[in-house]
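Scroll down for the structure; my scribbles are underneath it.
Start at 1 with the first residue, then count along the sequence.
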Amino acid sequence: MNIKDKKKIVVAISAAVIMILSSMMVLAAPAMSQNSSGGIFANPQTASNSNNTSLYLSPGPTPAFTDNFNPFNIWSTPAGIMGFIYEPLFQINTYNGTVLPWLATSYNFSHDGRNLTVYLRHNVTFSNGEAFNASSVVFTFQTEKKDYDEWGTVKNITAINNYEVEFNFTQPQTQYLFYIGSTVIIPKNVWEGKSNPASIQVTDPIGTGPYMIQSFSPQKIVLVKNPHYWQPGEPRIDHVVYVDYTSNSALSLALAEGKVEWASVFEPNVTQLFTANDPAHNHYWYPPGQPVTLLLNNLIYPLNISYFRQAISLAINRTAIMNIGEYGYETPANAANILEQQMSYLNANNTQMANELAQYNPQKALQILEDHGFTMKSGSLYGPNGQKVPTLNLMSVAGYSDWDTDITLIASELSKIGISVTTTTPTNSVVSGDVTDGNYTMALYVDTGIGPNPWYDYSGIQGPVVPIGQNAYINPERWNASAQFEKYFNNFPSAITNSTQEADINGMASIMLQQMPIIPIVYSADWYEYVNTTIGGWPNAAHPYWIPMPWYPGPSEVVLLHLYVKSNAPPTSGLTSSDYDVIGAVIVVVIAAVAAVGWVRSKKMKQKE
């Protein structure tokens with residue numbers, strides 16, 4: 001996502017969110033066991049040279065590569081590559097909120113939440129040998145603020161000394177930690193004096209990351225170790241090779257033939273097509289991601305009625321959709337519309353209701369409607385006014401074969417409670433446009449936010465109600481959230497104690513379940529395949545230390561720096577997944593996370609093409 005797109009989302013969020021007015025607690029990242037110049041993962045005595053090894057990867061089907069590695073577009077294709085060249089201040093796991101100090105070793109907020117101090121790592125250099133310090137950090141943020149009107153509520157960015165930077169906000173803004181912490185830092189001496197830097201073609205990128213560009217072609221990019229990399233003994237893989245595959249079938253074949261070792265691709269029968277070829281070395285893990293939702297236009301009758309939406313949820317057989325439409329990969333989602341990894345936030349009552357409203361129960365669905373005056377006549381549903389409920393349209397993107405099957409199943413299931421549904425499959429651009437401007441009735445879509453707690457899950461569906469015909473970049477279902485929901489949502493960032501945070505989350509979840517503005521169907525699968533014939537250290541279901549997909553810049557770097565050549569012994573010291581629980585922190589802050597949400601949503605849509 002480029003700077004202008006992020007600005008659009010941030011402006012929308014700013015209009016929707018009441019900023020924090022109360023004082024804040026001091027938040028500080030835990031101290032690391034090594035000094036500020038040491039590495040994160042590998043002990044240099046145990047991480048031996050890899051003897052000219054290469055890792056072949058593909059982030060998914062991609063058009064021909066473009067020779068441009070401009071850091072002002074960190075999401076440029078091939079997706080994920082920028083995270084191996086440029087680095088952020090912190091690495092943050094959006095599944096569970098774990099925070100790893102990276103270019104910064106720690107941080108703290110002032111008690112009033114108006115000042116954030118970031119403490120930088122010593123003895124770090126860019127790949128051209130230039131020292132990393134506060135001047136480049138300040139320059140990075142001031143450039144985004146001056147040239148692209150970013151960081152509107154950041155009043156001042158100041159270097160206290162060479163390794164301390166202070167962000168001064170116009171009002172309490174602890175939600176900016178994630179946003180600031182995830183921003184990649186650029187070298188001041190390279191970029192200073194350049195106008196409109198986002199428009200510059202960068203063919204020889206300079207960053208602090210573990211790799212540099214060695215060679216480029218539209219079909220293959222080769223990365224080579226950065227000799228100046230600050231983590232001793234890292235990286236342990238000499239070359240990373242991106243190979244271009246333009247279709248799922250081509251990439252699936254390359255995986256099966258061992259031409260790719262790390263990928264993110266949808267395969268209809270991954271066991272037969274991939275793992276069965278070499279069960280000892282070919283593996284996959286599909287962690288649950290954002291919910292795939294039945295997006296409902298809350299301004300259109302009868303979808304503007306909360307109990308009608310609940311009835312629709314009960315009438316949908318999510319297990320059938322999982323098994324028939326999604327090949328068993330994407331599991332049924334809970335009705336509270338939060339990530340599966342975050343269900344522990346819900347209290348017993350909300351957990352029960354979230355599960356019950358996601359259970360297939362067409363009899364109960366019809367009973368709810370009948371209790372409110374709806375009747376079934378000759379297989380059709382009639383409203384309390386005696387008029388037949390209008391036929392509803394449900395759309396999905398053409399070519400998304402699994403989603404096309406899903407909407408057919410949903411239409412069939414809704415007919416059992418008398419609701420007539422037609423299905424259409426326009427192009428991706430048409431679906432996105434119609435959803436944004438409100439010219440739709442129902443759509444299968446990925447709409448929720450994503451982040452380290454359920455507040456982020458709700459960030460994508462909470463916002464102003466935009467009239468049909470006008471663009472809604474958030475809240476495209478046009479849900480008129482209750483004042484109480486808004487209170488919980490806006491109070492959460494200022495909550496200090498765990499009990500207050502849990503109360504706010506459960507208050508939001510309870511209202512979400514009662515009103516059901518959108519209907520979660522299944523959890524999207526975060527597609528991830530790997531081959532461990534020569535390379536070890538991969539995350540998997542038994543060792544889920546980090547987000548595994550290669551297309552995700554930031555998380556993919558954390559994974560890459562765990563990898564080692566199997567002919568050499570893996571390091572016996574360094575961080576394990578349990579260590580993250582010690583050094584990590586689940587930061588309960590409001591962030592401008594929707595800046596990344598839009599791209600993640602788009603990526604999940606594009607992966608299916």
Side-chain angles (χ1 to χ4, degrees), residues 3 6-7 10 14 19-32 35-37 71-72 74 86-92 99 101-126 130-195 197-198 206-208 230 493-494 585 587 589-592 595:
I3 292 295
K6 289 197 292 184
K7 176 176 178 291
V10 171
S14 298
M19 297 302 180
I20 308 166
L21 299 176
S22 58
S23 62
M24 294 292 168
M25 64 183 293
V26 173
L27 297 176
M32 300 296 293
N35 62 38
S36 61
S37 64
F72 290 90
I74 198 67
Y86 304 101
E87 294 185 305
L89 298 173
F90 299 97
Q91 298 281 11
I92 301 176
V99 178
W102 213 252
L103 293 181
T105 59
S106 61
Y107 64 90
N108 73 270
F109 279 101
S110 61
H111 289 284
D112 64 1
R114 292 177 179 268
N115 294 283
L116 167 66
T117 303
V118 176
Y119 303 91
L120 306 180
R121 192 174 297 279
H122 292 236
N123 300 325
V124 176
T125 62
F126 291 93
E130 177 185 341
F132 162 81
N133 53 39
S135 65
S136 285
V137 175
V138 171
F139 173 79
T140 298
F141 287 94
Q142 285 183 340
T143 299
E144 291 190 355
K145 183 175 176 65
K146 176 176 64 73
D147 290 4
Y148 299 105
D149 198 24
E150 289 284 344
W151 312 108
T153 61
V154 178
K155 184 178 180 180
N156 294 302
I157 308 160
T158 306
I160 299 174
N161 57 48
N162 274 347
Y163 295 99
E164 293 182 30
V165 176
E166 182 177 84
F167 297 82
N168 174 249
F169 306 114
T170 58
Q171 53 192 332
Q173 286 286 14
T174 56
Q175 70 268 33
Y176 265 45
L177 175 65
F178 185 94
Y179 200 21
I180 288 171
S182 300
T183 298
V184 299
I185 306 304
I186 60 176
K188 178 180 179 180
N189 289 347
V190 172
W191 287 92
E192 190 172 27
K194 297 184 184 300
S195 61
I206 305 297
T208 62
W230 55 273
S494 61
I587 42 177
V589 297
V590 181
I591 63 167

Quick check: do [X] and [Y] have side-chain heavy atoms less than 4.5 Å from each other?
X      : Y      : value
Phe109 : Phe169 : yes
Thr143 : Trp191 : no
Arg121 : Leu103 : no
Ile160 : Thr117 : yes
Phe72  : Glu144 : yes
Val137 : Phe132 : yes

Do you know which two heavy atoms are closest between [X] and [Y], and how far apart they sit?
X      : Y      : answer
Lys145 : Lys155 : CE-O, 4.3 Å
Ala134 : Ala159 : CB-CB, 3.8 Å
Phe141 : Ile157 : CB-CD1, 3.4 Å
Lys194 : Asp147 : O-OD2, 4.4 Å

Could you tell me the separation between the [atom1] atom of [X] and the [atom2] atom of [Y], rounded to the nearest 0.5 Å?
X      : Y      : atom1 : atom2 : value
Glu166 : Arg114 : CD    : CZ    : 13.0 Å
Thr183 : Tyr176 : OG1   : OH    : 10.5 Å
Tyr107 : Glu164 : OH    : CD    : 16.0 Å
Tyr86  : Ile185 : OH    : CD1   : 12.5 Å
Asn133 : Tyr163 : CG    : OH    : 5.5 Å
Ile180 : Phe167 : CD1   : CZ    : 4.5 Å

May I ask you to decide if [Y]'s main-chain N or O and [X]'s side chain share a donor-acceptor pair within less than 3.5 Å?
X      : Y      : result
Ser110 : Asn115 : yes
Ser136 : Lys188 : yes
Thr140 : Ile186 : yes
Tyr148 : Ala198 : yes

My understanding is that only one of Leu120, Leu177, Val184, Val165 makes a side-chain contact (heavy atoms from CB on, under 4.5 Å) with Leu89; could you say which?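 Among the candidates, only Leu120 passes.
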